[in-house]
Every structure is written in C-alpha cells, then in structure tokens.
Amino acid sequence: MQFIYSNNFSALPFFQFKADLGGSSPGSDLASSPSADQLLSAAAMATMEGLIGLVNRIQRACTALGDHGGEGSSLWEALPSVAVVGGQLESQSSGKSSVLESIVGRDFLPRGSGIVTRRPLVLQLQKIEDGKAEYGEFLHAPRKRFNDFAAIRKEIQDETDRITGKTKHISNIPIHLSVYSPHVVNLTLIDLPGLTKVAVEGQPDSIVQDIENMVRSYVEKPSCIILAISPANQDIATSDAIKLAREVDPTGERTFGVLTKLDLMDQGTNALDVLEGRSYRLQHPWVGIVNRSQADINKNVDMINARRKEQEYFSTSPDYGHLASTMGSEYLAKLLSKHLETVIRQRIPSIIAMINKTINELETELNRIGRPIGSDTGAQLYTILEMCRAFDRIFKEHLDGGRPGGDRIYGVFDNQLPAALKKLPFDKHLSTNNVRKIVSEADGYQPHLIAPEQGYRRLIDGALHLFKGPAEASVDAVHLILKELVRKSIGETEELKRFPTLQSDIAAAANEALDRFRDESRKTVLRLVEMESSYLTVEFFRKLPTEPEKGSNPQGPTSDRYQDSHLRRIGELNMRQINSDIMIAYVGMVCDTLRITIPKAVVHCQVREAKRALLNYFYAQVGGREKKQLGAMLDEDPSLMEKREAIARRLELYKSARDAIDSVAWK
Ligand code: GDP
Ligand code: MG
C-alpha cells in the first residue's frame with residue numbers, strides 16, 4: 001500500500017487518523033469525526049467557555065486520537081478531572097448514578113442490576129445561555145444532537161456493548177458525552193464501574209480485579225479529583241470508596257466525600273459524625289445527598305422536582321438544618337465546578353511544561369524516523385538519491401578510515417598475498433631433476449649444443465603460471481571485503497531502514513557493481529602474469545656468463561632466498577650446464593615485481609572504482625524510471641509508516657492543545 005504524505009498533517013482528513021488507530025477508538029461515524037484541530041481550534045470559543053470547557057475539548061481530542069491514559073505521561077493523564085467512585089454491593093448500591101443524574105438534572109444513565117457501567121463515561125457539562133434548548137452529544141457520533149435523554153441512555157448502552165460486546169466485560173476506552181444545558185455548571189465527571197466484590201452471572205471472574213485496576217488508574221493520578229460516594233445507611237468504615245481514596249490520597253486533599261441515602265437511615269440515627277468530619281477527616285467538607293428513591297424513579301419523579309425535594313429535606317431536617325446551605329446535589333455541583341477550575345488553573349504551568357517537553361520529544365522522534373516524503377517524481381528522486389548518497393558516504397568512510405574495515409584490504413596485500421607467493425612450489429617445479437627432464441624433452445632426439453633455450457622457456461613459463469593462483473586469490477579476498485563493507489554500510493545507513501525495498505535495491509546494485517569490478521580486476525591481474533611470461537627480461541640471462549664483480553648485483557634487488565645461491569653459483573656457471581638456480585632466481589625477480597603490481601591492479605580496478613562509481617550504474621537506471629516505479633522503491637516499512645502517522649497525530653494534538661491553552665490560560 002502506498003501512502004502519499006502531505007506535509008501538513010492537520011490537513012489530513014480525520015478518518016485517516018482513525019483508520020490507523022487500530023480500532024482503539026469506539027466504532028463510530030469515522031468520516032464525519034472532527035480533527036484534533038477542529039476540536040481544539042477557536043481560541044475565542046475557549047475564552048467563552050472557560051477553563052473547564054477548554055480541558056473538556058482537550059480531553060475529547062485525546063480520546064479521538066486514542067490517547068486515554070495508561071501510557072505514562074500522556075496529556076490525558078495531566079488533565080484534571082473528577083472521577084466518581086463508589087462501591088456496589090449486590091443489594092446495596094452507593095447511588096453513584098443517581099448523584100451524577102442529579103448534578104446534570106436529568107435522567108440519562110443506564111439502570112439495571114449487575115455492573116451496568118462497563119466503560120468509563122466522561123461526562124462533560126457545559127453551561128449554555130438560559131432559554132436555550134439542552135442537548136447531548138457523543139464524541140463517537142459528532143454533530144448528532146440528542147435532545148431526548150432517554151435516547152442518550154440507549155446510546156450509552158449501545159456504545160458500551162459495541163466495545164465490550166456480549167461478554168459483559170469492562171473496557172477502559174471511555175465514552176464521551178457532552179451535555180449542553182442552561183441548568184448545569186461547567187464540570188467534567190467521569191463515571192466508573194462500581195467497585196464490586198463478586199462477578200455476576202455472565203461476567204468473567206477477573207472482572208472484580210479489572211474494575212479495581214481501572215478505577216485505580218484514574219484515582220491514582222495526582223490530577224484526579226476523587227468524588228467518593230458512600231451510602232449513609234452503611235458503616236463509613238466499610239465504604240469501598242473511602243478505603244480506596246484513603247489509599248491513593250492519604251492526606252485527603254483531592255477527595256470529596258459524598259454521603260447518599262441520608263433519608264434511608266434508621267429512625268433516630270443521623271450522619272452528623274460523618275458530615276461534620278469526625279468519622280473520617282478530609283480537607284474538603286463532606287456533602288450529604290438525598291437522591292430519588294426507587295419508588296420515586298418508578299413514579300417518574302423528574303429531576304427538577306427531586307432537587308427541590310432534596311433541598312426541602314435539608315432545610316426542614318432537625319439534624320441537618322444548620323448544614324442546609326452546604327448540602328445537596330446542586331451545592332455539590334457548584335463546589336466541584338469551582339474546585340475543578342481552581343485545580344486546572346494551578347496545574348496549567350505544569351501542563352504547558354509537559355506539553356512542550358512532549359512536543360520536543362515527538363519532534364526528535366519524527367526527525368529520527370524521517371519526515372514524510374513529497375509525492376511528486378522530483379521529490380521521490382531526490383529522496384532516493386539522498387539515501388544513496390548517505391549510504392555511499394558511510395561506505396567511503398569504511399574505505400578511507402573513520403569506520404573500520406578498509407584496513408583489511410591492506411592486510412590482503414601485506415600478509416595474504418606475500419604468504420601465498422611464498423608457498424608457491426618453485427623449488428619443486430624448478431628442481432634440478434625436473435629441469436633436466438624438461439630440457440631433455442625439449443631437445444628431442446638431438447641434445448642441445450649450446451643453451452637449451454626452448455627448455456628454459458617452457459620451464460619458466462610453467463613456473464610463472466603458478467602466480468595466477470595468488471593473483472586471483474587477492475582479487476577475491478578484496479572482493480569479499482568490499483562486499484562485507486557494503487553489507488555493513490547498508491546496515492549503518494539509518495535513513496534507509498525506513499525503506500526496505502530501496503535498501504535491498506541499493507545493496508543489490510552495489511554488489512553487482514562490485515562483481516563487475518572484480519571481473520575487470522581479475523582480467524587485469526591475469527594479464528600482468530601473462531605479460532611476464534610473454535616477454536622475459538633477457539638481460540637477466542645475458543649477464544649470467546660474465547664473471548661478475550664480487551658483491552655486485554646484476555638483477556637489482558631480489559629476495560635473499562634466490563640472490564645468495566645465485567651469486568654463489570654464478571662463478572661456477574657453465575652455459576652448457578643445466579642450472580635450476582638461475583631459473584629460481586629469475587622467477588624470484590618476477591615474484592617481487594608481481595607482489596608490488598598485483599596490489600596496484602587490485603586497488604585500481606576494485607577499490608578505486610568502488611569509491612568512485614559504486615552506484616553510477618544505479619543512478620543511471622533510477623534516472624530513467626517512472627513515478628510509479630520510484631514510488632515502489634520508496635515503499636516504506638508499514639510499521640514505521642504507522643509509527644510516523646501516530647507520532648504526527650500526537651504532535652498535532654499537543655500543538656493544538658498548547659495553542660488553545662495559551663489563548664485562555666493567562667486571562
Ligand atoms: P449506583 O449503582 O451506585 O449507580 O446506584 P444508583 O444511583 O443506581 O442507585 C441505586 C438505588 O439506590 C436506586 O434504586 C436509587 O433509587 C437508590 N438511591 C440512590 N440514592 C438514594 C438516596 O439518596 N435515597 C434513596 N431513598 N434512594 C436512593
Ligand atoms: Mg450506576
């Protein structure tokens with residue numbers, strides 16, 4: 001699959017982002033989902049809706065991009081929110097849903113026995129002008145306004161099942177519901193599954209622990225405000241909500257204690273010890289609540305009436321009358337809103353610092369794995385040539401030094417070649433017996449009268465042929481080293497890792513070139529050897545019969561191995577005598593020459609060419625290719641492509657979040 005990148009990620013349609021999230025987003029109307037930018041754009045809007053609205057939008061953008069915590073320092077983690085925590089015994093519910101509904105002033109949460117809340121519900125309340133119609137909106141179904149709260153209830157149920165399916169298990173992917181109403185205060189609450197002790201029928205046993213882990217993952221964040229809900233008709237010491245809150249917030253500075261079901265307490269008892277902070281002390285005052293009873297719900301008592309009744313309950317209560325102004329769900333909503341706003345304000349500097357740090361990290365990472373490529377032929381060609389150059393640079397560093405490996409070529413000339421030459425069996429080939437035999441054969445029936453020219457020539461020729469072995473071995477040894485350096489350089493070209501196809505194309509082209517250089521080099525060194533046998537240095541032999549001056553050296557510098565015996569034998573030389581030492585000396589001289597010229601040929605044909613023109617042939621080929629073929633060469637590793645997309649999306653989210661915060665934070 002070929003992806004064409006635009007340099008402007010925010011211009012990409014949102015469905016493309018979603019498609020890459022690998023199903024981590026709830027099943028939704030993909031094509032119409034807003035982009036993070038759209039979710040976070042208008043600064044003016046942010047000013048109007050205040051800090052809570054701003055955080056709401058950033059939260060929605062996080063979820064839209066599959067960022068909902070659990071991944072270290074995500075933006076989501078840093079955003080303050082209110083998590084609603086409560087126990088859920090089989091017969092005894094703490095009244096979580098009821099509290100949320102009365103804060104919203106509407107019935108909209110699914111009811112039933114068992115664990116009804118199975119995905120976090122991020123409930124974002126946004127106050128709108130008086131007189132305007134209230135409505136709800138889900139992130140997974142944007143631009144669809146729900147005016148009917150019964151339909152919202154159904155949508156929550158359906159959307160829960162969409163992820164958790166028939167298993168009735170839980171999922172940590174939140175559902176986002178925004179409620180716009182004149183009757184709410186700006187507030188974000190997260191409804192979580194109730195802490196339970198036993199799995200009910202049809203739910204896996206692990207659900208008890210899974211719920212606790214999920215709830216913990218929320219309340220553990222230092223930015224989380226815990227709304228701990230406990231029923232008044234149960235001993236506060238056994239409240240699961242308070243137990244958990246005490247664990248994660250021992251000083252009680254981010255816990256709000258809520259006591260429900262005050263109306264259900266036994267006659268003659270009251271909850272003043274709890275409400276006045278004597279039973280369990282928190283930094284914030286406890287809030288007592290009276291929700292609708294089951295009977296009220298059955299009778300369809302609406303929320304507005306219920307709120308009024310609740311207020312009446314407190315103002316007329318002999319026990320709680322003195323606390324009436326700080327009790328009830330309306331008061332709770334205002335208290336939380338104010339506190340949330342304060343916390344957000346306090347945390348903004350650290351949120352901005354965190355955003356900036358993450359932006360830096362993401363940009364570094366994006367640079368490391370490579371920026372997107374343009375889609376035109378020119379850009380593709382440019383990218384391919386850049387990659388080739390990067391590889392070539394590294395390859396040259398291996399040859400010229402800076403990276404290891406080039407020194408091994410010198411090793412071939414300095415050790416391998418001389419050792420191989422030394423091992424050649426000249427002594428055997430030119431032994432006196434062999435010389436006599438071959439010279440006699442050359443003579444035929446009539447033995448020679450003067451120097452046995454033909455015999456000598458054949459002998460020397462045979463000996464010189466032995467040089468072909470070491471000459472070719474040098475070529476092959478250097479070839480292997482060069483191939484190894486290509487392999488290494490390919491591996492060390494970081495930029496290339498992104499394009500596996502191009503990587504293997506370049507490797508193949510380089511190896512083909514090396515093969516060509518090797519063939520040329522082999523021809524050249526063999527020619528050097530053949531040249532030696534096609535024309536012998538005749539002076540070497542001419543000087544032999546004359547008596548040399550003592551210590552003189554007629555052949556120039558030859559190796560001691562031949563020279564000593566040569567000089568020794570020269571004095572007693574008889575032209576008619578068959579002498580193997582002369583030939584050994586001559587071959588020795590040739591050997592010295594070749595030891596010097598073979599490396600020159602090898603470097604000239606292989607090493608120098610590899611440095612000069614390793615990819616020339618490839619460049620010519622690529623230059624003539626069509627756009628489609630170039631695109632195929634730049635086929636990226638799909639996992640890397642996904643990674644780049646994901647990073648680019650997060651980068652976009654963080655940048656737009658920063659802009660949005662900047663525009664309202666310092667007002
Ligand atoms: P949840 O399971 O924690 O979400 O609890 P719910 O809000 O669903 O409440 C469970 C039951 O307790 C429902 O029948 C509610 O009507 C009832 N309930 C909740 N709060 C109160 C309260 O303050 N007073 C009375 N009388 N009943 C309540
Ligand atoms: Mg509930």
Side-chain angles (χ1 to χ4, degrees), residues 83-123 149 152-153 156-157 160 164 168 170 175 177 189-198 200 203 207-208 211 214-215 226-234 236 238-242 244-245 257-267 269-271 274-275 286-303 305-314 317 319-320 327-333:
V84 186
V85 182
Q88 186 153 340
L89 296 172
E90 270 165 290
S91 53
Q92 267 276 22
S93 279
S94 50
K96 261 175 337 105
S97 300
S98 300
V99 170
L100 281 170
E101 286 182 328
S102 74
I103 286 175
V104 180
R106 281 295 202 157
D107 277 288
F108 65 98
L109 291 172
R111 290 184 192 285
S113 58
I115 300 158
V116 178
T117 308
R118 280 178 290 111
R119 285 175 61 182
L121 175 73
V122 180
L123 179 61
F149 280 75
I152 290 183
R153 184 199 317 271
I156 295 174
Q157 262 158 351
T160 300
T164 60
K168 299 289 171 214
I170 58 165
I175 299 174
L177 168 62
L189 297 155
I190 303 170
D191 191 17
L192 295 166
L195 295 163
T196 182
K197 296 275 190 290
V198 281
V200 294
Q203 287 173 326
I207 201 164
V208 175
I211 290 178
M214 186 206 286
V215 174
I226 305 166
L227 193 62
I229 302 195
S230 315
N233 56 354
Q234 185 196 322
I236 197 73
T238 65
S239 159
D240 289 317
I242 288 298
L244 184 62
V258 171
L259 206 58
T260 58
K261 303 192 181 180
L262 288 171
D263 59 317
L264 292 184
M265 291 184 74
D266 290 339
Q267 283 281 307
T269 62
N270 65 48
V274 175
L275 292 177
W286 280 79
V287 179
I289 296 274
V290 177
N291 289 312
R292 292 178 303 171
S293 65
Q294 192 56 50
D296 292 337
I297 293 170
N298 296 347
K299 277 187 285 179
N300 275 327
V301 172
D302 73 40
M303 295 300 305
N305 263 326
R307 274 193 193 171
R308 209 186 49 238
K309 272 177 72 179
E310 184 189 31
Q311 216 40 55
E312 257 170 44
Y313 174 90
F314 285 112
S317 159
D319 290 327
Y320 311 119
M327 295 286 133
S329 38
E330 244 184 299
Y331 174 77
L332 177 65

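We count ligands from 1, going down the list as the structure has it; atoms in each ligand are counted the same way. Positions are given from 1, in the same order as the sequence printed here.
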I'd like to check which ligand 1 atoms, numbered from 1 as shown, lie under 4.0 Å from a non-hydrogen atom of [X].
X: S94; result: 3 (O)
X: I297; result: 16 (O)
X: K96; result: 1 (P), 3 (O), 4 (O), 5 (O), 7 (O)
X: V290; result: 23 (O)

Would you say [X]'s side chain and [Y]'s backbone share a donor-acceptor pair under 3.5 angstrom?
X: R307; Y: S329; value: no
X: E101; Y: F108; value: yes
X: Y320; Y: A271; value: yes

So which protein heavy atom does [atom] come closest to, and at what separation?
atom: atom 10 (C) of ligand 1; value: S93 CB, 3.5 Å
atom: atom 23 (O) of ligand 1; value: N291 N, 2.8 Å
atom: atom 14 (O) of ligand 1; value: Q294 OE1, 2.3 Å
atom: atom 15 (C) of ligand 1; value: R292 O, 3.7 Å
atom: atom 26 (N) of ligand 1; value: D263 OD2, 2.8 Å
atom: atom 7 (O) of ligand 1; value: S98 OG, 2.5 Å

Worksheet item: Is any side-chain N of the basic residue among R292 and D107 closer than 4.0 Å to the acidic one's carboxylate O?
Response: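 The answer is yes: the pair qualifies as a salt bridge.
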Contact (N/O only, under 3.5 Å) between [X] and ligand 1:
X: T260; value: no
X: G95; value: yes
X: S97; value: yes

Practice prompt. Give me the one residue out of K96, R119, M214 that meets side chain to side chain contact (heavy atoms under 4.5 Å, CB included) with P193.
Written response: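 Of the listed options, the one satisfying the test is M214.
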Discussion item. So which atom in W286 and which in M327 form the shortest heavy-atom distance, rounded to 0.1 Å?
Written reply: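 Scanning both residues completely, I find the closest heavy atoms to be O-CE, 3.7 Å.
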Calculate, to the nearest 0.5 Å, the distance between atoms [atom1] and [atom2] belonging to [X] and [Y] respectively.
X: T260; Y: Q234; atom1: OG1; atom2: CD; result: 9.0 Å
X: Y331; Y: I289; atom1: OH; atom2: CD1; result: 11.0 Å
X: N233; Y: L259; atom1: CG; atom2: CG; result: 9.0 Å

Worksheet item: Would one find an N, O or S atom of S98, in either backbone or side chain, under 2.8 Å from the Mg ion (ligand 2)?
Response: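 For S98, the answer is no, given that no N, O or S atom comes within less than 2.8 Å of the Mg ion (ligand 2).
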